[in-house]
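Every chain is numbered from 1, with letters handed out A, B, ... down the list of sequences.
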Amino acid sequence: MTDLPKTYDFQAAERRIYQWWEERGYFKPRSDPRRPDFDPAVEPFVISIPPPNVTGELHLGHAMFVSMEDLMIRYHRMKGYAALWVPGSDHAGIATQLQVERMLIAEGTSREALGREAFEQRTWEWKAKYGGIIQQQIRRLGASCDWERERFTLDPGLSRAVREAFVRLYDKGLIYRGPRMINWSPGLKTAVSDLEVEYSQEPGFLYHFKYMLDGSDEYIPVATTRPETILGDTAVAVHPEDERYRAFVGRSVIVPILGRKIPVIADDYVDRAFGTGALKITPAHDPNDYAISQRHNLPLINMLDDSAIVNENGGPYQGLSREEARKRLWDDMRAADLVIREEPYQLNVPRSQRGGEIIEPRVSTQWFVRIQPLAEAALAAVRDGRIKIVPERFTKVYYNWLENIEDWCISRQLWWGHRIPVWYCQDCNEQIVSREDPTACPHCGGNHLRQDEDVLDTWFSSALWPFSTLGWPEQTPDLRYFYPTSVMETGYDILFFWVARMIMMGLEFTGEVPFHTVYLHGLVRDENGQKMSKTKGNVIDPLLVMDELGTDALRFSMLVGSAPGNDMNLSVKKVEANRNFANKVWNASRFILGVLDNLPAAPVELVEGGWTLADSWVWGRLQALLRDVERLFAVHQYGEAGRQIYEFFWSEFADWYVEIAKIQLAEGGARARETAETLVRVLDACLRLLHPFTPFVTEELWGHLRAAAQQHGLRPFTGQEWPEALIIAAWPEGQPEEGWEAQKIAEFSLVQEIIRSIRNLRAERKVTPGRRIGAIIAAGERLPVLQEQARTIAALAFLDPQQFTLSAALSEPPQGAASLVVSSVEVYLPLAGMVDTSAERARLQGEMHDIQTQVTRLESLLGSSFAQKAPASVVNKERQKLATYQDTLSKLKTQLDSLGE
RNA sequence: GGGCGGUUAGCUCAGUUGGUUAGAGCGUUGCGUUGACAUCGCAAAGGUCGUAGGUUCGAGUCCUAUACCGCCCACCA
């Protein structure tokens, strides 16, 4: 003990311990097909890490998933599973490309100036330089990943998996290329998927204008939010039953300024009640218009280029931006008397999830996955229970998305990513889809091949992650043993992006679910529930928190105090509170180590009578805790389990047992040894329980505990011998409840109550702990229990043992003493000169009033149909309470009477 | 438009087979340096569990309706 500082120096310990764990190979699964001692009979437990962006920086989202997953991995490792946590990182196409482009611009050059090959080269260099940072930061969180199995989505193996997947889907007809309405990001100049578009409410206008009928001065009033798209209009649509416009259907109207003639069509889609009831149709720039145009065989006029600049189809507006074209066209229309009015209107603007720029719906030739068949299989896997989603409410969200899913646009016009494995023969115009780079055209033998310029959506490779990281498409030993994985733990915000797609791809390529359980955690917000963002300045940096308060405190904060799937509001104060807990564990352990220092080395014979009440109590409480934790872990209630361990450790073990242990230790001899043994075993169990939550401080303390205990021949909680490290020690298993537990716990509760009441009264009377006072207790049938506990009561209630008497009953109540009744045990405190009779009377009367309330309540409860209908055990419990209250009441009455006038 | 979550102590949140005086942390108040811990100890104050109904012997917990806050999906010009 003497060599342990008063406060836990986590800074030094964390690095040292992590390095030790890693060097000793504890992060590797205990049964490993890559090693000669592989034992396939051991059940594996596997998590694939949600791969962080390779150039990312640690944020609380990482802290959350690492804490959660490391908890599960450590727990299962201790339970004896072959626990494998596969680490890795994601190339993160758009995010990384943007970062590198920013760097290039700072250098005065650009992606375009460099050209594709040089750009890719620079990006790899960037990755080499910054790619390791995030992994180091994840190590700091204590992640017990098998780093030898680390993977990267662009490494050769995973790239091979991507090609295999692409070719298989293509051969099956599940991948196709064609023109389709997609979301175009004009700044990035790439297509993005529906999921990558976010809608934001923004103020704008609804522009009302005239669509003049050809050869007439009649017009159809039309409303639009985007006047510039008039340039691409190919029809005006009205509802077929709309009396106002019925006569116009089939005639032509004139596109403003451009003068093109376009038809008036009738379509059910039009809502007569909205706007003017007439809808302009711009098939190339609006998804709904596109759908209508398909029904009516309307032509498509694309009036914007890749950068959303008006092209040659925009006539006089060619070369203008969307915003500029809108303004100019509207001005010109006003001059031509085509404008009716502008109405303020709330717009729902599609913006890029990445850059925030306005997304342009656009018809473009892209690669798509025909998702329906995959989605159906993925739905079935959850419906029939092969995959369980926790918390359950997200299954509905999952169903809803997959039931309404659209084909997935997988091509991106980027340079950083998996290039689409398709080549076009310049000689015969054939398309070649191949796992290997072809050297000649298999159709004509020509060697003028050009590979498709596009890369795949980053999520395409992520979707293969659980099996590609284990070696797929090879049937590797890893894949055979560790797949399907056990739990997919991630944030609910990527349920669609990632989880659903992994399930679809997993089922398609391996015929099995990629994991059995999906555990979704919530998002980490600031203490007011606001999303953290740099602009708001409310970001909590996990690295700083770890520096200041320790990794364990941060981890405990992520794990405890919120429910699965619920967002968590994190404040530094909360982490501080948990730092205090780590410190509590440290100091309680430090005390116990000190006890061992002073313990006679040689074993002594057992104490007669065995355990004290406190020993039995703490043991019974520990067993109850172990059972509870096991039950909670089984239903993924890790937070509640952590809270209970915290409560037990601090409020029961440290506050009560350790305090009583001090008394028992003072007896010396066999009693002291017995007590030391209990201290060691309970502490050992607690450190094991806490280890998945707070791995560092527990490992550090446990090392000291192990050494000291071994010196004294003291056994651990679990097993006969002390394993070499806590991280690989066995999980403490609870025993089924035994008959004595409830009784001992009840007896001890009485002792606690008596002590608390005395302390309470002392506090009321301002009798400081330094002042020892006398006490007279009439215990009735509880006398034997209290006699055994006399020393404890005296010590913890700060009584003078010389003036402390216990008896079954008193012939007459002591005079001039403050009195209490605790569960029908009478307590008298002779506070000489401090007892004010009238104040005492008032206090007793108040007490009686409270108890009378309970008596009345219970009497009426037991007199009601409750007594007949409720289970006997429940009723008996209430009867018992009533009896105790009644007894207490009558004793209080006696005490009151004895005060005299 | 559809769906989900939240509403519990001053603040941030737990409370999962419905069991009868509702818990924690922080904050507040009083006392305390009793040799593990002031990153602490002892004690206290503080809640009609959003509202209204219902089921039940019994509801924070189940059902219905409703208010407010937040989120997701859809994307009516």
Okay, side chain of [X], backbone of [Y]: is any donor-acceptor separation there less than 3.5 Å?
X	Y	answer
A:R501	A:F497	yes
A:R762	A:T768	yes
A:R843	A:A818	no
A:D552	A:V697	yes
A:N538	A:K531	yes
A:S651	A:F648	no

Any idea which of [options] is nearest the [X] side chain?
X	options	result
A:P769	B:C26, B:C42, B:U34	B:U34
A:T7	B:A36, B:U39, B:A14	B:U39
A:E640	B:G15, B:G23, B:A43	B:G15
A:R590	B:A36, B:G25, B:G19	B:A36

By the 4.0 Å heavy-atom rule, please label [X] as base, sugar-phosphate, or nothing.
X	result
A:Y646	sugar-phosphate
A:N566	sugar-phosphate
A:R393	sugar-phosphate
A:E647	sugar-phosphate
A:K573	sugar-phosphate
A:E659	base
A:D493	nothing

Integer-rounded Å distance: [N] [atom2] and [X] [atom1]:
X	N	atom1	atom2	result
A:R631	B:G15	CZ	P	12 Å
A:N587	B:G35	CG	C1'	13 Å
A:R762	B:A43	CZ	P	12 Å
A:R879	B:G19	CZ	C1'	15 Å
A:L495	B:C4	CG	P	15 Å
A:E576	B:A24	CD	C1'	17 Å
A:W656	B:G41	CH2	P	13 Å
A:L796	B:C42	CG	P	10 Å

Taking for each residue the nucleotide of RNA chain B with the nearest heavy atom, is it A:R643 or A:R756 whose nucleotide lies nearer the 5' end?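 Here A:R643 is the residue nearer the 5' end.
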For [N], give its Watson-Crick or G-U wobble partner with both distances under 3.5 Å, or none.
N	value
B:G41	B:C31
B:C62	B:G54
B:C68	B:G6
B:A22	none
B:U17	none

Is a donor-acceptor contact shorter than 3.5 angstrom present between the side chain of A:K766 and the base of B:C31?
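No, the side chain and the base share no sub-3.5 Å donor-acceptor pair.
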**Item:** Side-chain-base donor-acceptor pair under 3.5 Å for A:K6 and B:A36
**Value:**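 No, the side chain and the base share no sub-3.5 Å donor-acceptor pair.
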Expressed in whole Å, how much space separates the [atom1] atoms belonging to [N] and [M]?
N	M	atom1	value
B:U39	B:G25	C1'	14 Å
B:G46	B:A24	C1'	14 Å
B:C69	B:U28	P	32 Å
B:G60	B:U16	C1'	13 Å
B:C62	B:C26	C1'	33 Å

- Message: With a 4.0 Å cutoff (strictly under), does any side-chain N or O of A:N580 reach OP1 or OP2 of B:C40?
- Response: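 So the side-chain polar atoms of A:N580 do come within 4.0 Å of the phosphate oxygens OP1 or OP2 of B:C40, strictly under.
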Can a salt bridge be assigned to the pair A:R627 and A:E630 using a cut-off of 4.0 Å between side-chain N and carboxylate O?
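No, this pair does not count.
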The contact string for nucleotides 54-68 of chain B, one letter per nucleotide 5' to 3', using protein heavy atoms under 4.0 Å with B, S and - for base, sugar-phosphate only and none, comes out as ---B-----------
Protein heavy-atom contacts under 4.0 Å, written 5' to 3' over nucleotides 71-77 of chain B as B (base), S (sugar-phosphate only) or - (none), form the string --S-BBB
Contact check, side chains of [X] and [Y], non-hydrogen atoms, under 4.5 Å:
X	Y	answer
A:S352	A:E196	no
A:W330	A:V339	yes
A:W401	A:L195	yes

How many angstroms lie between CE in A:M558 and CE in A:M68, if you round to the nearest 0.5 Å?
->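 Here the interatomic distance stands at 10.0 Å.
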| CD/A:Q201: more than 12 non-hydrogen atoms of other groups inside 6.0 Å |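 Counting neighbours around CD of A:Q201, more than 12 heavy atoms of other residues, nucleotides or ligands fall under 6.0 Å, so yes.
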